[in-house]
Structure formats: C-alpha cells, structure tokens
There are 2 protein chains.
Amino acid sequence: MERARRATLKDVARVSGVSPTTVSFVLNDTPGQTIPADTRAKVFEAARSLDYSPHRLARALREGSSRVVLLKLGDLRPGHSMDGFVTGMRHELSRHGHTLVVHPGGAGPALMAEFVATLAPRAVVDLAGPYQQAATDGNGNDGGWVDGLAAHTMTQLAHLATRGHSQIALALPDEAAAEPLAGLRLRHAREAWSQLGSQELHPLHVPATAHEAAGAVRTLRVHHPQVTAVAAFDDETALRVLAAMADAGLAAPADLAVIGFDDGPYGALWRPTLTSVHIDGESFGRRAAREALGIDPGAPVTPASTVVQRQSA
Amino acid sequence: MERARRATLKDVARVSGVSPTTVSFVLNDTPGQTIPADTRAKVFEAARSLDYSPHRLARALREGSSRVVLLKLGDLRPGHSMDGFVTGMRHELSRHGHTLVVHPGGAGPALMAEFVATLAPRAVVDLAGPYQQAATDGNGNDGGWVDGLAAHTMTQLAHLATRGHSQIALALPDEAAAEPLAGLRLRHAREAWSQLGSQELHPLHVPATAHEAAGAVRTLRVHHPQVTAVAAFDDETALRVLAAMADAGLAAPADLAVIGFDDGPYGALWRPTLTSVHIDGESFGRRAAREALGIDPGAPVTPASTVVQRQSA
DNA sequence: GGCGATCACTAAATCGAATTAGTAATAGAC
DNA sequence: GTCTATTACTAATTCGATTTAGTGATCGCC
C-alpha cells in the first residue's frame, strides 16, 4: 500500500525556485531577514499548492521544544468547571498555534516524566500546584478572592448568609478530607464566613457509604443543633448529604439547607433539586493559556462564579 | 539560569569507548548485530551512570513515528467504564514502552489532524468508530455479544427477564437519541430481549427537563400499561426516569423497575438506590492496547459486565 | 571613488536519534 | 593455503526542520 509522500520544505523550495532557507524565512516571518513581496508570494503559493505543513517532530527537535502545552490535573476531582477550564485553555492555545494535551489525574511521577520527555512541551501547567502551595504556605497563585477558589467559596457562603443562616457546616468527602485542597477549602470557608459577619462554621466529614453518612449528619445535628445549612465541597458531596438526610428523615431546605459546588449534571435531577455554584472555568482556562505562552492574560472576568438557585438552599 | 545538559547517545559512546552506532545497537538490541557481552555491559553501565534516556523527538523523527498511541473518544459520553478503559489501555501501553494520549471528545476534525501531526502516533484508536460502523452496517468490531456493548446490554436485560418482566422500555436520552450509539443500543436491546424469549421492548425518549421527563413517563404508562420495567441507556438517563417517576408519584421498583448502565457514582446516592450494570472497561482497554501495537490481544475476559444489585430493579 | 549598510538571497550546520553500507580480523571448511 | 562466513565494530547518511554564517550586488553618504 503506497502512501502519498508528504510535501517537505525542500519541495516548496524546489517549486518556488528559492532555497529551503528562504522558504523557512518566509513561512516563519523570521525577524532580521528582508524578502521582497514577489518572492514571498511565490513561496506561499508553492506551499499552498503542495498543501505543505511543517513536520512537527522535526521542527520541535530543531527548536528544542514542541508547540504542545501540557496540562497536569494532579488529583483534582473532575467537575464541570474543570471541563470548562480545559475547553477555554484548548481554544486559546489553538488560537496561538499550540496544542493542549491533558495529563491524566491519578498517574504517578514516572508517567508524568514520560509525558514530558515524549511531548517536549513548551510549557507545563500544573492545575493543582497553586492549590497545594496555597494549602502549604498560603501563597498560591490561583486567582484567590478575585477569580480563584476563595472567590467561589465566597459566592457559595454569601448565598447562605443572605438566606439568614448564621451557623453552617462545610461538608467534605471523607476520603478526600486529608488532601491539601480540602484543607484549603475549609480555610477559605472560615475566612469567608468571618468576613460575612456570621458565626461558626463546622467541618462535616461525609463518608461514602449511605449508612455512615446518615450517622454523620445525625451527629452534626446532635452536637451542633444551631447549624441550619451545609455548604458542600462539591455537588457529589452535597448529594451524599441529601441522601443521608433522606435516610435520617430530614428535608432540605426546611430542616437543613444544602448548597453544592461546581454545578454538576445531577443536581437538577435530584429531589429536591440541588442549589449549586456555577464556576466560569472557561475564562480561567483562557487566561491560564495566555500565561503559559507568556502573553498578557488580561483582566480576570468577574463575577467568576454565580449561584444556581434550585430547591435545596 | 543554566540547565544541566541531558546526556546524548554520543556521550554514552564517549564514556563507553565505542561508536554511537554501537551504542544504538546495544540499547535497541538491534537484530543482525553481534555484540560481545563485555561491550554490552560497558554500554549499559555508561548509559546508567549518565542517566541516559533517548531523546524522544529525535527518535520519532528518525523512526517515522513516535511511541504514542492516540485514543480518540469521539462524542462518547464519559462514564465509569470509559475511565476503566483508559486506565487499562494506559497501563498496557506503558508496559510496552508506549504512552497513551487521549484526544478529547467534542473537538472537530481540524483539532484531530493537529493532534496527529503533532504527536505522530504509532497508532490511533478510535473508540467510537466501531460503534458507528456497527450502527451503519452491523459489522463493527466492538466485542459484540462476547465482551462488547451487545454483551453488556444482554447483562442488563437478562436481569429484568430473571425478575419476570416481559414487557420493558429502553430509556434513551432525548438529546442523544438520534446518535448512532443510541440506535445501536436499541437494536442490541431488541435482539437481546428477543433472545431472552420475552416480548415487546419499547423505546422511551427521556428529555432533560424534569417536567418533560415526567410527561414522557406518564405517556409510556398510558400507551403501554403492560410495561413493568425500564432499562436505561446509562445511569444518568436512569436517574432522569427515577426523578420523573418521583414527580409523577410513582415508586420503583413497585410501579416500574429501573436499571441503569455503566454504574456511575450517583446511583448509590439516589433513593431508592439505583440498580446498574458494572462494565469491565479495564480489560477491554488492555486488549485494545495490545491490538493497537499489533500484539495478540488474548482471549476476552468474561463476564465482561455484571449487575450491581440495588433497590430500583 | 571608496566605504559602510542594506538587500536578497545561499551553503552548511545543527538538533539527536536510527539505519545503511561498509571494513578488518578471525575462524572454519575444503 | 584459499575461500567464505562470522564477528565486532565504524563512518556516513538520513529524518525535516530551523538557525548560523556567510556572499555578491546595490545604494547612499562623505
């Protein structure tokens, strides 16, 4: 089976009657070279007629890196805003002639090294890194109270505050409670709740099994009967709380209001439907892409998150 | 900022006292070359002490393709078994010195071409392709009734048959009902239901909005009152049906039994808990990886899917 | 007229690997 | 002793792009 040979730069040179060097200068608009317009036109025409496209591997080898930007998700849980982030980032990079490749969560450092070696990316964007740094020393560069996690947490809790709640719980998935992101979320929540002039905020660890989750909710009500609302780590955790409440014979929002986070696809199906926080991941992704390429990211888009009002809170 | 220069093949040659060609012969165990054991040992030691690793771009350029396998998801909806498929495929490819890169769903042909050009993959695995071909001409190579979609459909429906249901509906998400996969699922379901010696199977299109979904369920009950169970396209569709039933004052499984598909994380949280089908995507992914590399994939693992028994069916 | 800068190009090298096409020495068979 | 095959290597090329280091001609200024 004979395959049509792809056109090379040398083919373009032969057809346009100039050297391969000149072709490269024209196609790359190389600074410091003067090429007259008619030569340029000849080269562009030759490239077009041959359907020439640079051999990406060869170019990357010569340039020292490819035009890939690698996004490392780390152990961040998938969610709606992450999809938006990836989409926004992908589109912005594509506009600048780069390709986004996503490195999967749950993979170890050896696989990450292999990805980097294989792809020779121009940049690696660590999505979880700023959260881990913020959890460690408070100095993460994740958008903070403007368009980062703290801002979305404020959106979430402000909704409860305007609903008159004064004592609330932050529901964290039990299996993820020891992770840096959970600690960071708790810290943001405490600060936001304090800024909102409200009172106590209690952590509520929600196990994955229904029986245990119901127990945790009952314990909360026994130890903190003045807690009237739950802000959840994410929608899945919120739905765990709602299921536990159903098992414990409690109704939302009458007995306990529940607000999710990151507006997944199931909240609208639930009974009661879940109030959640919609996060604009796409804008954040666009800005992250520009930063990765060393371009001015522009001003943050605000509000970066909004409440999706449904029945549960 | 000075970066340590990576060791090249020439460095290994210099340190081991042989030519770069000999180093390549040793490290690649090139057929048709005879290298004595002490020369091999010298080369391996030099490579180890220099932490040498081939420059992937250069190697790919020379070999004509990289050691990437590209997985194209197409417009397949994310699910539990797909995660397993990707994990299985990744691990198997890694064992054979290859790297899996996932091409995102929802992206157009131009992005796919850019991915292929950029990565120069050794193989492209089209996950949705066999389903589309099966939907078109019935000859897809997707594992069929052994470990493919048809087999999982049979698992789903056999559960209902053993529960004594004789007339059922297949619930399809309204917005995806016109896609080839939905048509294929319906065809498999009809065939499986016929093979199980049972009677009629009716399609049920479930809209995304709660109000309309409830209407669809009521219409089903009016037009087909003998239908006693619903097999859903996936878990999300099943939860739509359950939500619609709750809105219509119906109980599962007493009024209508409901079984999901692909065992997502939310079925266990619903009340009643959702019975679903667990699909072994990981084994399938391992075999797909081996096929991509031209290795014998081995025998299919069966059963490729099992019922997760909960409350709804 | 001479000198320096600019224009419009080119040959060669580079990137780092794998492959091709050898060579000299040695061993075994006739 | 001669011929052939094998062993144990090597120099050069290839892959396809970009970059480096030029050259000859022309123009403008002094």
Side-chain angles (χ1 to χ4, degrees), chain A residues 3-44 46-47 50-68 97 116-120 122, chain B residues 3-44 46-47 50-68 97 116-120 122:
Chain A
R3 177 187 306 202
R5 188 182 64 95
R6 67 179 291 155
T8 68
L9 194 96
K10 285 181 183 172
D11 297 322
V12 179
R14 180 175 41 76
V15 168
S16 55
V18 296
S19 74
T21 310
T22 303
V23 171
S24 183
F25 291 157
V26 170
L27 294 183
N28 292 298
D29 202 19
T30 306
Q33 299 291 336
T34 49
I35 316 276
D38 63 324
T39 303
R40 286 178 181 274
K42 275 191 296 184
V43 169
F44 284 127
L50 293 169
D51 200 26
Y52 169 74
S53 163
H55 193 283
R56 308 298 196 281
L57 292 179
R59 189 173 62 181
L61 176 61
R62 185 60 184 84
E63 289 185 340
S65 68
S66 67
R67 302 207 178 161
V68 164
V116 170
T118 297
L119 301 177
R122 185 135 305 174
Chain B
R3 176 186 309 202
R5 187 184 62 95
R6 66 177 293 151
T8 69
L9 193 96
K10 285 182 182 173
D11 296 321
V12 179
R14 183 174 39 77
V15 169
S16 53
V18 297
S19 74
T21 311
T22 304
V23 170
S24 183
F25 291 157
V26 170
L27 295 183
N28 293 299
D29 202 21
T30 307
Q33 300 292 335
T34 48
I35 316 277
D38 63 323
T39 303
R40 286 179 182 273
K42 274 193 299 186
V43 169
F44 284 127
L50 293 171
D51 202 25
Y52 168 74
S53 163
H55 193 283
R56 307 300 193 281
L57 293 179
R59 187 174 61 181
L61 176 63
R62 186 59 186 83
E63 291 184 342
S65 68
S66 69
R67 299 201 181 165
V68 164
V116 170
T118 298
L119 302 176
R122 185 137 303 175

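Every chain is numbered from 1, with letters handed out A, B, ... down the list of sequences. Because only heavy atoms are used, hydrogens play no part in the values below, and waters and symmetry mates are left out as well, while side chains stay in.
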Toward the 5' end of DNA chain D, by each residue's nearest nucleotide, B/T21 or A/A58
B/T21

Using only modelled atom types and a 3.5 angstrom limit, is any donor from either the side chain of B/T39 or the base of D/dA8 paired with an acceptor on the other?
no

Considering heavy-atom distances to DNA chain D, does B/T34 or A/H55 have its closest nucleotide positioned more toward the 5' end?
B/T34

Integer-rounded Å distance: D/dA17 P and A/R14 CZ:
13 Å

Tell me if a side-chain donor or acceptor on A/R122 pairs with a main-chain N or O of A/V68 at a distance below 3.5 Å.
no

Students often get this wrong, so: under 4.0 angstrom with heavy atoms, is B/P20 touching a base, only sugar-phosphate, or nothing?
nothing

Give the rounded distance in Å between these two atoms: CZ of B/R5 and C1' of C/dG16.
11 Å

Tell me the closest heavy-atom pair linking B/L50 and B/A7, and the distance in Å.
O-CB, 3.7 Å

Is there a donor on the side chain of A/E63 or the base of C/dC15 sitting less than 3.5 Å from an acceptor on the other?
no

Length of the line joining B/R62:CZ and D/dG16:P, which is rounded to integer Å:
10 Å

Rounded off to whole Å, could you give me the CG-to-P distance for the B/L61 and D/dT13 pair?
18 Å

Value in whole Å for how far the C1' atom of C/dA18 lies from CG of B/L27
12 Å

Whole-Å distance separating the CZ atom of B/F25 from the P atom of C/dA17:
15 Å

What is the distance, to the nearest angstrom, from the CD atom on A/Q33 to the P atom on C/dA5?
18 Å

Whole Å only: how far is the NZ atom of B/K10 from the P atom of C/dA13?
13 Å

Indicate whether OP1 or OP2 belonging to D/dT10 is found under 4.0 Å from a side-chain N or O atom of B/T22.
yes

For B/R67 and B/R59, indicate whether the former's side chain and the latter's backbone hold a donor-acceptor pair under 3.5 Å.
no

Any side-chain N or O of B/S24 less than 4.0 Å from the OP1 or OP2 oxygen of C/dA18?
yes

Backbone of A/A120 reached by a side-chain donor or acceptor of B/R56 within 3.5 Å
no

Would the base of C/dA17 count as contacting B/R59 through its side chain, where contact means a donor and an acceptor less than 3.5 Å apart?
no

Out of C/dT10, C/dA17, D/dT10, minimum distance to the side chain of B/V18 belongs to D/dT10

Exercise: identify the closest heavy-atom pair between B/A47 and B/L27
CB-CD2, 4.3 Å

